[in-house]
Amino acid sequence: MLRIGLTAGWLTARRMGTSPYRRFVRHFNLNNYNYNNQVTFAFSFRALSTCSISDSNATATTSNILDAETVTEAYGADAPKYGAMEDSSMSEAYSAIELALDSVVKIFTVSSSPSYFLPWQNKSQRETMGSGFVISGRRILTNAHVVADHTFVLVRKHGSPTKYRAEVKAVGHECDLAILVVENEEFWAGMNFLELGDVPFLQEAVAVVGYPQGGDNISVTKGVVSRVEPTQYVHGASQLLAIQIDAAINPGNSGGPAIMGDKVSGVAFQNLSGAENIGYIIPVPVIKHFIAGVEETGDYVGFCSMGLSCQPTENTQLREHLQMRPGLTGVLVSKINPLSDAYRVLKKDDIVLSFDGVPIANDGTVHFRNRERITFDHLVSMKKPDDTAQVRVLRNGEELEFSVTLRPLQPLVPVHQFDKLPSYFIFAGFVFIPLTQPYLHEYGEDWYNTSPRRLCERALRELPKKAGEQLVILSQILMDDINAGYERLAELQVKKVNGVEVENLKHLRQLVEDCSRESIRFDLDDERVIALNYDAANVATSRILKRHRIPCAMSADLIEEQNVSQIELTSSS
């Protein structure tokens, strides 16, 4: 079953415990579930984002990495531009170094991720390192995972001992890209920007330049393009076009440019766990889509989705059942996101024949370049938000054409929540939060099996029914006399408050604060019930917060919304 814009897979995040470098690992098992006895397929993908975490005792393998200082030592300072290379491929590698010397920078990030089990506080601070390079407009392009959850960012250019303060201007976590700016004029002296090129063809050589582990100077890794296709992005858990190369991409390479000739063909961002010399770079079309959105709106705009889950129609009997005449090809619509515009015009069991006039094969792929094929959701993702597309479908044997507006779609349960604090609301010791996958990841690297089964299944399967909907859960109970006996009701979804269905965490807070009854009732999943004396619960809330040294009963985003509501109420009275 093809997955177009729906979160059908599951994501496991864990740290490698082996010293000297801790790596963040995401294990993707993209399992398209068997709805209505449909044919399904699954595959697994394990990858490592390559941002390096600093360790003073670190040692690392640096095979296939050429250090600029070593080149100078080998050929002498008088040699023209690191010396004349007899081997043309080696010469290209050194040319890439020279081109990048005044463009590629080393990035030092101090970050602190939030705790989802204790959402009112952060985890311990950590230091990471990555790479970046200058693009037009005095901007530095790097990976989003290099600066995720940052509190402080510094950059250092080649040949300089000075680190300069940088600010994060825009971040696209789905595409793992970020733009930094440096205000200090001294930093820009002698710096040159790199131009973006095109998507390289198979077997074309590229040189990845950056600051990988194992040394402090700029380095280059040379390889050839082995594959170009949509790939699961580890950091943002999205599937976008990526380029696979046979060059070593090590921790610290993240954000460095992949250079072909004198232009950038991509940005290094991850490698394949368990394989040797298989790395991935973000191609120019994805980079340009990200930059264009930032330039037009001032912020990241996201990648569009049709909100469809589709099944291949490769089986002959299935095509006959669906009345697909000879010569017609396409994919079967299995599920439609209710928040998508496609929900307005498409129906389950429609056959999507073409997208913007491009025929879709029975396996869901479309033609791409020289006899290559990629899944048609690449065409969708390259659209700008609010663009329209012409979709041709087969419905009950009749061919129809619809105009569908495309926009980024958010899942019911967020896959990631970088650069923002978790939302929470505490009442009488009950900690209410919206369900997110980062919360489930707190159960460990095997979170799919160790986290609460019902919550996990809902996180991966359920779709939102309306905008702003959240699955609100009772994450834990801070024990007190008032909630004694309810301690086994943690990790359950909150369905109703005083008989009113809960839409999101903000709505739950309003229902609690606006309660005018003597008692308040919470209806939970599995038909469980909590009932409290409302006045006694309010008194207990302050006592419990003080006991656990929690500064506030709700997160900052709910406080801001509460203040706005009070202002609006005052102005209307």
May I ask you to decide if the ring planes of Tyr233 and Phe269 are parallel, tilted or perpendicular, using 30° and 60° as cut-offs?
tilted
Output the distance between atom NZ (Lys169) and atom CD1 (Ile140), rounded to the nearest 0.5 Å.
12.5 Å
Step by step, would you call Thr221 with Ile249 a side-chain contact (heavy atoms from CB on, under 4.5 Å)?
CA-CA 8 Å; Thr221 306; Ile249 295 180; over 6 Å; no
When you look at Lys420 and Asp557, which way does the salt bridge (charged side-chain N to carboxylate O under 4.0 Å, His left out) test go after all the steps?
CA-CA 10 Å; Lys420 61 183 297 187; Asp557 57 327; over 6 Å; no
Within-4.5 Å side-chain heavy-atom neighbours: Tyr116 and Ile433:
no
Check: Pro464 and Asn337 side chains under 4.5 Å, non-hydrogen atoms:
yes
Smallest heavy-atom separation, Val413 atom then Leu435 atom, equals CG1-O, 3.4 Å
Quick check for you: to the nearest 0.5 Å, what is the distance between Ser423 atom OG and Gln417 atom CD?
7.0 Å
Separation between CG (Asn253) and CG (Asn271), nearest 0.5 Å, reads 9.0 Å
Any side-chain heavy atom of Ile135 sitting closer than 4.5 Å to one from Val264?
no
Plane angle bin for Phe430 and Phe522 - parallel if under 30°, tilted between 30 and 60°, otherwise perpendicular
tilted
Between the main-chain N or O of Leu406 and the side-chain N or O of Asp387, is there a donor-acceptor pair closer than 3.5 Å?
no
Look only at the side chain of Thr151 and the backbone of Val110, and say whether a donor-acceptor pair between them is shorter than 3.5 Å.
yes
Would you call Val512 and Arg509 a side-chain contact if the rule is heavy atoms closer than 4.5 Å?
no
Distance col, row Leu241:CG vs Thr231:OG1, nearest 0.5 angstrom, shows 7.5 Å
Beyond-backbone contact of Tyr280 with Ile245, side-chain heavy atoms, under 4.5 angstrom
no
Criterion salt bridge (charged side-chain N to carboxylate O under 4.0 Å, His left out) on Glu167 and Arg165, from CA distance to verdict:
CA-CA 7 Å; Glu167 298 293 336; Arg165 179 70 186 275; 3.5 Å; yes
For Glu185 and Arg138, run side-chain contact (heavy atoms from CB on, under 4.5 Å): C-alpha distance rounded to whole Å, both residues' side-chain angles, the deciding distance at 0.1 Å, then the answer.
CA-CA 10 Å; Glu185 289 294 328; Arg138 284 192 166 192; 2.9 Å; yes
Looking only at atom types and distance, does a side-chain atom of His158 sit under 3.5 Å from a main-chain N or O of Asn217, one as donor and one as acceptor?
no
Do the side chains of Asp149 and Asp419 get nearer than 4.5 Å, heavy atoms only?
yes
For Pro230 and His378, the nearest pair of non-hydrogen atoms, with its separation, is CG-CB, 4.3 Å
Begin from the C-alpha positions of Leu118 and Gln476 and carry the test side-chain contact (heavy atoms from CB on, under 4.5 Å) through to its verdict.
CA-CA 9 Å; Leu118 303 173; Gln476 64 176 299; 3.9 Å; yes
Counting C-beta onward and ignoring hydrogens, is there a side-chain heavy-atom pair between Phe432 and Leu505 closer than 4.5 Å?
yes
CG of Leu141 to OG of Ser103, rounded to nearest 0.5 Å, is 12.5 Å
Of the non-hydrogen atoms in Leu440 and Ser451, which two are nearest, and what is the gap between them?
CD2-CB, 3.9 Å
Could you walk me through whether Ile473 and Glu491 pass the side-chain contact (heavy atoms from CB on, under 4.5 Å) test, one step at a time?
CA-CA 6 Å; Ile473 65 171; Glu491 300 174 341; over 6 Å; no
Ser238 backbone acceptor or donor facing Glu174 side chain under 3.5 Å:
no
Identify the two heavy atoms, one from Pro414 and one from Pro411, that lie closest to each other, and give their separation to 0.1 Å.
CA-CG, 4.2 Å
Strictly distance-based, threshold 3.5 Å: is any side-chain N or O of Ser113 a donor or acceptor partner for the main-chain N or O of Lys123?
no
Take the angle between the ring planes of Tyr439 and Tyr443 and call it parallel below 30°, perpendicular above 60°, tilted in between.
perpendicular
Tell me whether Ser131 contacts the main-chain N or O of Gly255 through its side chain, where contact means a donor paired with an acceptor under 3.5 Å.
no
Could you check if a side-chain atom of His150 sits within less than 4.5 angstrom of a side-chain atom of Thr128, using non-hydrogen atoms only?
no
Ring-face cation contact, Phe187 with Arg156, 6.0 Å cut, 45° max:
no
How many angstroms lie between CD1 in Ile550 and OG1 in Thr541, if you round to the nearest 0.5 Å?
10.5 Å
Tyr164: which of Leu154, Asn184, Val105 passes side chain to side chain contact (heavy atoms under 4.5 Å, CB included):
Asn184
Short side-chain to backbone donor-acceptor contact, Arg549 and Lys546, under 3.5 Å:
no
Sub-3.5 Å donor-acceptor pair from the side chain of Ser555 to the main-chain atoms of Tyr424, do we have one?
yes
Closest non-hydrogen atom pair, Val146 against Ser254
CG2-CB, 3.6 Å
Closer than 3.5 angstrom, by distance alone: can the side chain of Asn504 be matched with the main-chain N or O of His507 as a donor-acceptor pair?
yes
Compare every heavy atom of Ile426 with every heavy atom of Cys552, then report the nearest pair and how far apart it is.
O-CD1, 4.5 Å
For the backbone of His145 and the side chain of Asn143, can you confirm whether one donor and one acceptor N or O come within less than 3.5 Å of each other?
no
